[in-house]
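Heads up: the structure comes next, in structure tokens.
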Number of protein chains: 2
Amino acid sequence: METSHSGDELARILATLANPHRMRVIAALAHGRNYVSALARELGISRPLLQLHLAKLEAAGLVTAAFELSADGKAMKYYDTVPFAVTLTPQSIALAARTLTTEEGNN
Amino acid sequence: METSHSGDELARILATLANPHRMRVIAALAHGRNYVSALARELGISRPLLQLHLAKLEAAGLVTAAFELSADGKAMKYYDTVPFAVTLTPQSIALAARTLTTEEGNN
DNA sequence: GGCACATGCTAGTTTTTTCTTGCAGGTGAA
DNA sequence: TTCACCTGCAAGAAAAAACTAGCATGTGCC
């Protein structure tokens, strides 16, 4: 299910998804949840970089994070995808554009 | 109708749509085609800036351009939206991510 | 203790994108 | 000719995003 987004929300979602790393993160998490260090190894990127992308995905509401204690007592941060469905058409863009809050008045 | 996109195509489409100015351009053109100078006035942005955004929209295949002679013989460049429909879900992202061509092997 | 694993954060660099400014060309009409 | 339109392009500045490197914390196990 998908509620309708404001123009700013939609712009943020699109900007977030429009990145190869983040697309791969979504793809990896679609197979199942994972914690950041393992995910970084799986994707072959550095952990700080992955954390940056995860933060953006979470800010856009596309993934969720949950702390969990492993069997040996370590705190792991598990990420999972949030089910979303966004349909883009000229009309849906036009509708969203009406609620954009970027200040006008530029030349 | 919408054919399925490669990961790179999808990324480009999303990056292109994820911009307030370009969303407004799509919205304006959804009401009807227009030429760039008039469109710039309508949107309240400078013509060079609009041309930049139109070029990106055209490169992403979201709008088309056509030259046309006005009644008084001036060459006008008319832009129009291309009907598109892209649905975004974790699964569709995952599918597209498999065809990304960004070189891997970074740390 | 020392190693291997987990997390977080931040400062600084590199790269990309966005935007402005300014110039060029063309047309028709007064 | 001059004015009001239309187009195109490019150089440089400004802003935003991406990325690296490094240091901090904590845990359990050998």
| Which of these passes side chain to side chain contact (heavy atoms under 4.5 Å, CB included) with H5(A): L10(A), T99(A), L14(A)? | L10(A)

| query | Do the side-chain N or O atoms of Y35(B) get closer than 4.0 angstrom to the phosphate oxygens (OP1, OP2) of dC6(D)? | reply | yes

| task | To the nearest Å, give me how far apart CG (L49(A)) and P (dT7(C)) are. | result | 15 Å

| field | Contact under 4.0 Å: N19(A) side-chain N or O vs dA17(D) OP1/OP2 | value | no

| query | About how many Å separate CG of L57(A) and CG of L17(A), when rounded to the nearest 0.5 Å? | reply | 7.0 Å

| query | Which atom names give the shortest non-hydrogen contact between A15(A) and A18(B), and what distance separates them? | reply | N-CB, 3.3 Å

| Rounded interatomic separation in angstrom, taking CG from L52(A) and C1' from dT15(C) | 14 Å

Polar atom pairs (N or O), protein with nucleotides 8-15 of chain D, under 3.5 Å:
unit_1, atom_1, unit_2, atom_2, d
dG8(D), OP1, K77(B), NZ, 2.8
dG8(D), OP2, Q51(B), NE2, 3.1
dG8(D), N7, R47(B), NH1, 3.0
dG8(D), O6, R47(B), NH2, 3.0

| request: Find the distance I45(B):CD1 to dT18(C):P and express it as a whole number of Å. | output: 12 Å

| note | Minimal heavy-atom distance between L43(A) and L50(A), with the atoms involved, is CD1-CD1, 4.2 Å

| field | Length of the CZ-C1' vector between R41(B) and dA4(D), whole Å | value | 11 Å

| query | To the nearest angstrom, how far is R24(B) atom CZ from dC19(C) atom P? | reply | 10 Å

| task | Answer yes or no: is there a donor N or O on one side and an acceptor on the other, between the side chain of R22(A) and the main chain of T16(A), under 3.5 Å? | result | yes

Pull out every protein N or O sitting under 3.5 Å from an N or O of nucleotides 25-30 of chain C, one pair per line with the distance.
none

| Under 4.5 Å between any side-chain heavy atoms of D8(A) and L100(A), yes or no? | yes

| field | Side chain of H53(A) (C-beta onward), nearest among dA17(D), dC19(D), dT18(C) | value | dC19(D)

| message | Expressed as a whole number of angstroms, how long is the span from M76(A):CE to dG26(D):P? | response | 18 Å

| note | Heavy-atom nearest pair, G7(B) first then M23(A), reads O-CE, 4.0 Å

| For the pair made of CG in L50(A) and P in dG8(C), what is the distance, rounded to whole Å? | 11 Å

| query | Nearest-Å distance, CG (L39(B)) to C1' (dT7(D))? | reply | 15 Å

| Does any N or O in the side chain of S70(B) come within less than 3.5 Å of the main-chain N or O of M76(B), such that one atom is a donor and the other an acceptor? | no

| R12(A), CZ: over 12 other non-hydrogen atoms inside 6.0 angstrom | no

| Of the listed nucleotides dT7(C), dA18(D), dT7(D), the one nearest the side chain of S37(A) | dT7(C)

